[in-house]
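Quick one: the structure is below, questions incoming.
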Amino acid sequence: DAKTTQPPSMDCAEGRAANLPCNHSTISGNEYVYWYRQIHSQGPQYIIHGLKNNETNEMASLIITEDRKSSTLILPHATLRDTAVYYCIATFSGGYQKVTFGIGTKLQVIP
Amino acid sequence: DVKVTQSSRYLVKRTGEKVFLECVQDMDHENMFWYRQDPGLGLRLIYFSYDVKMKEKGDIPEGYSVSREKKERFSLILESASTNQTSMYLCASNFTPDEQYFGPGTRLTVT
């Protein structure tokens, strides 16, 4: 898996968009970018993933740069419930894949 | 309903004891994982199994071993528990990285 780098913490005002960056400069052509979040001590939950095109679902949007060396997770209207640790991972999409998380970004949504 | 269960939520053991942490999933997933989570160090992969009797080391396998005799069960073994193995242990399973599900965690204290 390619190494990813994220800022350790970020703040965001409630109702504003939260933009969480991730660098993955060594990502290979077939590796996807996955995002998860972990609330309190629960296990991480999957949010979204993408290969090269931007993706959107009911939870978030994922913007991947054209060179695929970085990406941004966007929570369009952050709420207090979005306060969590967010993990960015680069790995292959098929089965039999290790999934390693690292430290992630602690997002604090401020009222 | 998708479910990953772990044998204990809280466990207290003495230094030098052999410790078994059990994880069971009911989703017929091929892949199972053991992680530990520590403040400031994030979520680190200990071992990964992609099939019965198959295992692969994660980032921090030292001091641990695993067993997967049946598809639904993945055990983490601390052969001789030490105080630096005091941690939260999380088990997970998946078919693919976007379908990863976690158990509730076991908080292990080694005294």
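Just so you know, these numbers use all the heavy atoms, side chains as well, and skip hydrogens, waters and symmetry mates. Proteins get letters first, then strands, A, B, ... in listed order; numbering begins at 1 in each.
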Item to complete: Using the rule that two of Ile, Leu, Val, Met, Phe, Trp, Tyr join whenever any of their side-chain heavy atoms come within less than 4.5 Å, decide whether B/Y47 and A/I89 are in one cluster.
Response: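 In one cluster with B/Y47: A/I89, no.
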Discussion item. I'd like to know which of B/G42, B/G40, B/S49, B/G103 tops the heavy-atom pair count under 4.5 Å against chain A.
Written reply: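 Top count of heavy-atom pairs under 4.5 Å with chain A: B/G42.
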Discussion item. Is it true that, when you exclude B/R44 itself, more than 12 heavy atoms of the residues, nucleotides or ligands shown sit nearer than 6.0 Å to its CZ?
Written reply: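 Yes - once you tally the heavy atoms of other residues, nucleotides and ligands closer than 6.0 Å, there are more than 12.
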Item to complete: Could you look at B/D98 and say if it's the side chain, the backbone, both or neither that has a heavy atom under 4.5 Å from chain A?
Response: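 Both backbone and side chain of B/D98 come within 4.5 Å of chain A.
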Worksheet item: When rounded to the nearest 0.5 angstrom, what is the spacing between CD in A/Q97 and CD in B/Q100?
Response: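 Going from the CD atom of A/Q97 to the CD atom of B/Q100 covers 11.5 Å.
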Discussion item. Any heavy-atom pair between the side chains of A/V99 and B/N94 that's under 4.5 Å?
Written reply: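 Yes, at least one pair of side-chain atoms sits under 4.5 Å.
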Worksheet item: Which bit of B/D51 comes within less than 4.5 Å of chain A, counting heavy atoms only: side chain, backbone, both or neither?
Response: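 No part of it gets close to chain A.
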Worksheet item: Under a 4.5 Å heavy-atom cut-off, does chain B meet the side chain of A/P44, its backbone, both or neither?
Response: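 Its backbone and side chain both get close to chain B.
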Worksheet item: To the nearest 0.5 Å, how far apart are NZ in B/K57 and NZ in A/K98?
Response: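 Reported value, rounded in 0.5 Å steps: 10.5 Å.
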Without placing hydrogens or testing angles, list every side-chain donor-acceptor pair under 3.5 Å for residues 103-111 of chain A, not counting sequence neighbours.
unit_1 : atom_1 : unit_2 : atom_2 : d
A/T105 : OG1    : A/Q6   : NE2    : 3.4
A/T105 : OG1    : A/P7   : O      : 2.5

Worksheet item: Are side-chain heavy atoms of A/Y46 and B/P97 found at a separation under 4.5 Å?
Response: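 No; the side chains remain at least 4.5 Å from each other.
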Worksheet item: Measuring heavy-atom distances to chain B, does A/S93 have an atom under 4.5 Å in its side chain, in its backbone, in both, or in neither?
Response: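 The backbone, not the side chain.
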Worksheet entry | From OG1 (B/T96) to CZ (A/F92), nearest 0.5 Å |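 The OG1 atom of B/T96 sits 14.5 Å away from the CZ atom of A/F92.
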Discussion item. Run the side-chain hydrogen bond (donor to acceptor under 3.5 Å, both in side chains) test on A/Q38 and B/Q37 for me, step by step, so that the C-alpha distance in whole Å, both residues' side-chain angles and the decisive distance to 0.1 Å come before the verdict.
Written reply: CA-CA 11 Å; A/Q38 185 177 24; B/Q37 185 154 36; 2.8 Å; yes
Discussion item. Under the rule for ring-ring contact (aromatic ring centres under 6.0 Å, His included), what residues qualify as partners of B/Y35, not counting sequence neighbours?
Written reply: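 Scan of B/Y35 (ring-ring contact (aromatic ring centres under 6.0 Å, His included), adjacent residues dropped) gives A/F101, B/F33, B/F102.
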Discussion item. Under 4.5 Å between side-chain heavy atoms, counting indirect links through other Ile/Leu/Val/Met/Phe/Trp/Tyr residues: same cluster for A/L20 and A/L80 or not?
Written reply: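 Result: yes, single cluster for both.
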Worksheet item: For B/L41, is it the side chain, the backbone, both or neither that has a heavy atom under 4.5 Å from a heavy atom of chain A?
Response: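 Contact with chain A is through the backbone of B/L41 alone.
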Practice prompt. With a 4.5 angstrom heavy-atom cut-off, could you sort out which part of B/E99 is near chain A: side chain, backbone, both or neither?
Written response: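 Contact with chain A is absent: no heavy atom of B/E99 under 4.5 Å.
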Item to complete: Please answer: with hydrophobic residues joined when any side-chain heavy atoms are less than 4.5 Å apart, are A/I47 and A/L62 in the same cluster?
Response: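 A/I47 and A/L62: one cluster.
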Worksheet item: Among the clusters formed by ILVMFWY side chains lying less than 4.5 Å apart, do A/M59 and A/W35 turn up in the same one?
Response: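 Both belong to a single hydrophobic cluster.
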Discussion item. Count I, L, V, M, F, W, Y as connected when their side-chain heavy atoms are under 4.5 Å apart, and connections chain through other members. Are A/I39 and A/L73 then in the same cluster?
Written reply: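 The answer is no; the residues belong to distinct hydrophobic clusters.
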